[in-house]
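Worksheet: the structure to be examined is printed underneath.
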There are 2 protein chains.
Amino acid sequence: MALDERKKLILKAVVDDYISTAEPVGSKALALRSDFNISSATIRNEMAELENDGYLIHPHTSAGRIPTDKGYRVYVDNLMQIPEPDEQYTLKVKEFFAEGLDEITDVLENASKALSESTGYTSLTLTPRLRKNQLKQIKMLMIEPGKVLMVVVLEEGVVKDRLVRVSDLIDESQLLRIADAVERGLSGIPIEEITFIAVAAAGKKVEIPESLLKQILYEAYVSIKQADSLGVYMDGANKMLGYPEFYEVDKAKSFMDTLSERGMVAGYLDEVNSDLESDDNAEVTRKPYMIRIGQEISITGLKDCSFVTTLYSTGGKIAGSIGVIGPRRMDYAKVVSSIGFVRSHINEELRKLCSDGCDKYIGESLK
Amino acid sequence: MALDERKKLILKAVVDDYISTAEPVGSKALALRSDFNISSATIRNEMAELENDGYLIHPHTSAGRIPTDKGYRVYVDNLMQIPEPDEQYTLKVKEFFAEGLDEITDVLENASKALSESTGYTSLTLTPRLRKNQLKQIKMLMIEPGKVLMVVVLEEGVVKDRLVRVSDLIDESQLLRIADAVERGLSGIPIEEITFIAVAAAGKKVEIPESLLKQILYEAYVSIKQADSLGVYMDGANKMLGYPEFYEVDKAKSFMDTLSERGMVAGYLDEVNSDLESDDNAEVTRKPYMIRIGQEISITGLKDCSFVTTLYSTGGKIAGSIGVIGPRRMDYAKVVSSIGFVRSHINEELRKLCSDGCDKYIGESLK
DNA sequence: TTTTAGCACTCGGGCGATTTGAGTGCTAAA
DNA sequence: TTTAGCACTCAAATCGCCCGAGTGCTAAAA
């Protein structure tokens, strides 16, 4: 089962070739490569063994070989060389981070564009999961009678707001008292732990009519919970139509149909990466990205694709997922390099944006 | 040039047929239709004339006819019968408006989904252009030192906000004074007329250090201007891959590539509809939608498509565009019917949301 | 024992010839 | 003015053919 050096070399060559041409790779073509000093016949023998062991297949007798999922797996885990970020795409990426970005959502939207531009595949970025973040403030701003802007402030300076309608009998000073009470009662608690009961308890003492109070507290509760909702940015889906694997409309359509269920794809990404997050052993540190190939993906309709995903993080509690979706035959090495580069930019931008909890990290090298 | 009744009948039949089958329509097929009492030969003669006059073409000698842009034009302007909303899609649409929607953006996002679901084509909805709306309030909420939430409130209860970073030397009371001054100086002015000079003048009197003041006023200005930025929701682009006109990947790709430039498409829609808006003669009232067919569209890459667009409005100053993009061979009648239905739902929802300027309309029938 | 040259074999894809049939335009009769 | 009839056209489907890339196997060479 263990591959000897030559087999590895051949497997790597096959994958590299197939990635760049999308054509099955034959023994002769490999033999002609300047860095191979063995004859095509030998390569044929080796390939036959690689096929036996499940790393390659050939679509029909008279065709070359293409990698299987297992073949790709060995390739991404052991064989590929991840290039240093090259100028061609670092420039592109930097463009997207050039202007001052004031909000996390802007950072992620741009990151998504940068990722898809620099890789040529489809990118996905998710806003951070904030459930573990503590509530710091809650403000209720009266816009006009009956209309209130609920502003929820979490640790590390994350702000979310939401316009709600309430009874127009409530006046500004009452609102202020409610907001104060809720804030006093709940600040410091991670939002995932905040329940409606807790909110109600916090606001209980405020002396305004029960029904009005309850309405506001409920809206406050919803606003707090909603601060954790997952935002999704996707870019470059159209780019996939340029790859031969999607030349048949049926394939293209089923891919596009699946992507249009953004929520589902985002959910999958979030789930895959929560493994990455919890798993903080050395292995992960060395290779802080995750690759899912073909059948490994549990979403029907993306079985002919691969994911490369990673986490960005401020170093504090803010962390979220980004990923690239490409054909199974994607240029993994380049994507890994590119996603790492984009990730470090996101981290840097977010550190600039987070003022309190993160300040202590600013001095550190961004790696 | 004027078409006699029989020619109209034939033209309508050709378009109807072609819309539903995507195949060129031959004389024989038409003659067999139960509602035609003329022979195929006669139809052939008529068709030849319709072709001469530019309403039809045939792709090659031995094929049936398909409509030209001009043919479609006559069809949509005079021939098609717009059906009453039928149950099949009214139900779908209603679903999307079922839950309480608190913000304009939610309404439009759902509207977009409803439109694409009910028509089977790609939909586009734009947030209202608010440039003509007056500024009512501006609030600056200190989140933490150096971080301020700028809240801009326009007429009819529209709220936009934006997180900005400022010097952390500014304290809450100073902020309050600045916001007050700006609000006093500018409220009642349409935001398109507000310049940085005007903002600076309004805030001039506040006694805090020049450079700090300028920074805040600049951010206030940007926030006000940004309240007019165009939000775009698009849905169902993937649906287009199901239509024969996109069976060739090249076509599909160029379409998708064009759509991915959302800004451009949205800009076009906005522009097209600003005509509709200003043009308030009887013609428009009777037919409050606009159709652009094939070559009439000035966006390269959508020349094989058609647009059906209309405006939603609260009756007050809030108005925006929605539209459907489909293949040139789209089911115009159904789309017009559907877009009208969705529009009335948007109007209704927005009226619910706007509390001041719109209240007076609530009693009116929604048509 | 491993590598290589040689060779027969397989099979997808491309090319051209042929056929098919839907649809036309025209003419002459109703 | 309408219609039946007919010759004609041409895209698309079908068939047969060949080509060549690539294989697996065998036997010789290293």
Side-chain angles (χ1 to χ4, degrees), chain A residues 3-11 13-18 20-68 71 244-245 247-249, chain B residues 3-11 13-18 20-33 35-68 71 244-245 247-249 251:
Chain A
L3 298 170
D4 61 43
E5 280 311 309
R6 197 169 63 186
K7 283 214 182 60
K8 282 187 190 168
L9 210 64
I10 291 174
L11 179 54
V14 171
V15 179
D16 278 337
D17 255 40
Y18 186 62
S20 64
T21 65
E23 299 288 330
V25 184
S27 56
K28 207 167 173 183
L30 284 192
L32 288 176
R33 287 171 53 137
S34 53
D35 51 340
F36 271 69
N37 290 322
I38 43 182
S39 77
S40 67
T42 310
I43 295 179
R44 268 204 295 286
N45 290 333
E46 296 282 40
M47 278 176 145
E49 285 186 48
L50 283 169
E51 181 166 358
N52 250 334
D53 294 345
Y55 299 103
L56 299 175
I57 47 164
H58 50 166
H60 52 86
T61 341
S62 70
R65 256 77 174 204
I66 62 177
T68 60
E245 19 276 282
Y247 279 2
E248 286 147 73
V249 233
Chain B
L3 297 170
D4 60 42
E5 279 311 309
R6 198 170 62 187
K7 283 213 180 62
K8 282 186 189 167
L9 209 65
I10 291 174
L11 179 54
V14 170
V15 178
D16 279 337
D17 255 40
Y18 186 61
S20 64
T21 65
E23 297 289 329
V25 184
S27 56
K28 207 166 171 185
L30 285 192
L32 288 176
R33 287 171 55 136
D35 51 340
F36 271 68
N37 290 321
I38 41 183
S39 75
S40 67
T42 310
I43 295 178
R44 270 204 294 286
N45 291 333
E46 296 281 41
M47 279 175 143
E49 284 186 51
L50 283 168
E51 182 167 358
N52 250 334
D53 293 345
Y55 298 104
L56 300 175
I57 46 166
H58 50 163
H60 53 85
T61 342
S62 71
R65 256 71 175 207
I66 62 176
T68 60
E245 20 276 283
Y247 279 2
E248 285 147 75
V249 231
K251 294 256 176 70

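This structure is a prediction, so every number in the text was calculated from the model and none was measured. Just so it is clear: chains get the letters A, B, ... in the order the sequence lines come, proteins before strands, and each one is counted from 1.
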Legend entry - Phosphate contact (D:dT3 OP1 or OP2) by B:T42 side-chain N/O below 4.0 Å: yes

Inset, instruction - Scan nucleotides 20-30 of chain C nucleotide by nucleotide, 5' to 3', and note B when protein non-hydrogen atoms come under 4.0 Å of the base, S if they reach only the sugar-phosphate, - if neither. - result: --BSBB-----

To the nearest Å, give me how far apart [atom1] ([X]) and [atom2] ([N]) are.
X     : N      : atom1 : atom2 : value
A:L30 : C:dT3  : CG    : C1'   : 17 Å
A:I38 : D:dA29 : CD1   : P     : 22 Å
A:I43 : D:dG22 : CD1   : P     : 12 Å
B:E23 : D:dA12 : CD    : C1'   : 12 Å

Check side-chain contact (heavy atoms from CB on, under 4.5 Å) between [X] and all other residues, then give those that pass, not counting sequence neighbours.
X     : value
A:E23 : A:T21
B:K28 : none
A:A48 : A:R65
B:S39 : B:A41, B:T42

Inset, instruction - List in chain and number order the residues that pass salt bridge (Lys or Arg N to Asp or Glu O under 4.0 Å) with B:E46, two or more places apart in sequence or in another chain; answer none if no residue qualifies. - result: B:R6, B:K7

Inset, instruction - Output all residues satisfying salt bridge (Lys or Arg N to Asp or Glu O under 4.0 Å) with B:E248, sequence neighbours left out; order by chain, then residue number. - result: none

Inset, instruction - Starting at the 5' end of DNA chain C, write a dot or bracket for each base, bracketing those in Watson-Crick or G-U wobble pairs whose two distances are under 3.5 Å and using | for partners on another strand. - result: ||||||||||||||||||||||||||||||

Inset, instruction - Could you say whether B:P59 or B:R6 is positioned toward the 5' end of DNA chain D, judged by the nucleotide with the nearest heavy atom to each? - result: B:R6

Inset, instruction - Quick one: list whatever passes side chain to side chain donor-acceptor pair (under 3.5 Å) with A:D16, sequence neighbours left out. - result: A:K12, A:Y75

Legend entry - Side-chain touch A:V25/A:L30, heavy atoms, less than 4.5 angstrom: yes

